[in-house]
Number of protein chains: 2
Amino acid sequence: MLKFSKKADYALLALQYIASAQGGGALPPRVVNTKEIAEEHFMPVELLAKVLQTLARHQIIESHHNGPKGGYVLGREPKDITIAQVLEAIEGPLGITDCYHEKEESSCDQMDRCNIRTPLLKIQESIYTLLNGMSIEDMLRDESPLIIVESLKPQGVHS
Amino acid sequence: MLKFSKKADYALLALQYIASAQGGGALPPRVVNTKEIAEEHFMPVELLAKVLQTLARHQIIESHHNGPKGGYVLGREPKDITIAQVLEAIEGPLGITDCYHEKEESSCDQMDRCNIRTPLLKIQESIYTLLNGMSIEDMLRDESPLIIVESLKPQGVHS
DNA sequence: CTAGTCAAGAGTAATTTAGTCGGAGATAGA
DNA sequence: TCTATCTCCGACTAAATTACTCTTGACTAG
Ligand code: SF4
Ligand code: SF4
């Protein structure tokens, strides 16, 4: 189906939390640790730990002083962390179909003669754009961002 | 992850096939059976059978003369069958998160205090619109439809 | 030195998806 | 009438993915 995994959900939740924890632009960002986030959101600590580690590996967050008082901090500005990036960090390259990009490594046998592929790739691309259009910063606002999806048929008036 | 299931893929493939089999507007539409489609696309007959049955139950296709020479025909015009409809028929109501619509029956414990929910619902809605914007007819064209996704931030200049 | 923390990988359990089987009903054509 | 071919349905098994756990190690503030 078309659903986020729990890990993805956890990741976004955690990022939102970390981001909000380190306020607007206050220079000394607060360092927040795994346990804190996990307890706040009732998620299994061990699992969240893995998720955060993955995010750290992708430089989306950074770990600070690796001992007591240690924890994580955003790796870049909230507005520069898009949902698409988070998802890809957690679940690898996201593809609606088995035949992701133009490259070979996809599994489907037919590919070339598949009449359905091109349209689906379009959709995939659109979804990606969509996901890349919302950032952590957007999620911080009470009023969530306005996303307009416009779908034009080929014969569309749009020239 | 964010991927179509095989069944969904099969469904779309089959629909594309059925649609193309019954030509443009020729009134006596050709009846095509499960086996034919399955062999054409190297998919397990039994499984495709189930998929088609499901589609039939949702009136997306219709079964004709239930014996030899029997098979399926589109239930309505290709342009009136959207990808979203097909997906929902196959996999039930599609939701990016565990907390689909405003209703209760979602599983997540937090919900109300979740800071991440509203934005995600927006995204979900956008994806739905997107998926609802492409029809089987669109997939029939060699040149697939043009889909434009425009993502505007709240403070966007666009007024 | 030690308690608290991140890092990494292997291992297990739960859930979902994919695919199979067997039996029932319908009907076109011989 | 009989039979081969097809849809229909539900239960079943198998495979794959996802969710979660455990263990071990390394680092460091106090
Ligand atoms: S069937 Fe067509 S679309 Fe589905 S995976 Fe194979 S190639 Fe891509
Ligand atoms: S966490 Fe927030 S977003 Fe994710 S499911 Fe629960 S409520 Fe919906």
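Keep in mind that what you see is a predicted model, and the values were worked out from it rather than measured. Below, chain A is the first sequence line, B the second, and so on; all start at residue 1.
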Query raised in the report: Less than 4.0 Å between a side-chain N and a carboxylate O, is that true for Glu40(A) and Arg113(B)?
Result: no
Query raised in the report: Judged by atom type as modelled, is there a donor-acceptor pair below 3.5 Å linking the side chain of Gln124(B) to the main-chain atoms of Ile96(B)?
Result: yes
Query raised in the report: Same cluster or not: are Met134(B) and Leu94(B) linked, directly or through other Ile, Leu, Val, Met, Phe, Trp or Tyr residues, by side-chain heavy atoms under 4.5 angstrom apart?
Result: yes
Requested in this report: Please state how far atom CD in Glu46(A) lies from atom P in dG25(D), giving the value in whole angstrom units.
Outcome: 17 Å
**Report entry** Lys3(B)/Asp98(A) ion pair, N-O < 4.0 Å
**Finding:** yes
Query - Euclidean distance, atom CG of residue Leu48(A) to atom C1' of dT18(D) [Å, nearest integer] - result: 16 Å
Query raised in the report: Hey, is the side chain of Asn66(A) poking within less than 4.0 Å of OP1 or OP2 on dT28(D), counting only N and O atoms?
Result: no
Report summary line: Lys7(A) NZ to dT17(D) C1', in whole Å, measures 10 Å
Query - Partners meeting side chain to side chain donor-acceptor pair (under 3.5 Å) with Arg76(A) (sequence neighbours left out) - result: Gln85(A)
Report task. Could you tell me whether Lys50(A) contacts a base, only the sugar-phosphate backbone, or nothing, with contacts defined as non-hydrogen atoms closer than 4.0 Å? Result -> base
Query raised in the report: Between which nucleotides of DNA chain C, read 5' to 3', does contact with chain A run, using atoms under 4.0 Å from its heavy atoms?
Result: dA3(C) to dT17(C)
Report task. Find the distance Met1(B):CE to dT17(D):P and express it as a whole number of Å. Result -> 8 Å
Requested in this report: To the nearest Å, give me how far apart CD (Gln53(B)) and P (dC8(D)) are.
Outcome: 6 Å
Report task. For Gly67(A) and for Ala8(A), find the nucleotide of DNA chain D with the closest heavy atom, then tell me which residue's nucleotide is more 5'. Result -> Ala8(A)
Query raised in the report: Looking at DNA chain C, which of residues 9-18 of chain B put a heavy atom within less than 4.0 Å of it?
Result: Tyr10(B)
Report task. Report yes or no: do Met1(B) and Phe4(A) belong to one cluster of Ile/Leu/Val/Met/Phe/Trp/Tyr joined by side chain heavy-atom distances under 4.5 Å? Result -> no
Query raised in the report: If Ile, Leu, Val, Met, Phe, Trp and Tyr residues are connected whenever their side-chain heavy atoms lie under 4.5 Å apart, and connections chain through other members, are Leu47(A) and Leu12(A) in the same group?
Result: yes
Report task. Output yes when at least one side-chain N/O atom of Ser5(A) is less than 4.0 Å from OP1 or OP2 of dT17(D), else no. Result -> no
Query raised in the report: Starting at the 5' end of DNA chain D, which residue's closest nucleotide do you reach first, Pro68(A) or Pro68(B)?
Result: Pro68(B)
Query raised in the report: So, Asn132(B) and Thr129(B): side-chain donor and acceptor under 3.5 Å apart, yes or no?
Result: no
Requested in this report: Please report, rounded to the nearest Å, how far the C1' atom of dC8(D) is from the CD atom of Glu62(B).
Outcome: 16 Å
Query raised in the report: What does Gly70(A) touch in the nucleic acid at a heavy-atom separation under 4.0 angstrom: a base, only the sugar-phosphate, or nothing?
Result: sugar-phosphate
Query raised in the report: When the distance from CG of Asn33(B) to C1' of dA4(D) is rounded to whole Å, what number comes out?
Result: 13 Å
Query raised in the report: Mapping Ala56(A) and Leu47(B) to their closest nucleotides on DNA chain C, which lands nearer the 5' end?
Result: Ala56(A)
**Report entry** Distance (rounded to the nearest 0.5 Å) between Ser20(A) OG and Arg30(A) CZ
**Finding:** 8.5 Å
Query raised in the report: Can Leu87(A) be reached from Tyr17(A) by stepping across I, L, V, M, F, W or Y side chains whose heavy atoms are under 4.5 Å apart?
Result: yes
Query raised in the report: Rounded to the nearest Å, what distance is computed from the OH atom of residue Tyr72(B) to the C1' atom of nucleotide dC6(D)?
Result: 9 Å
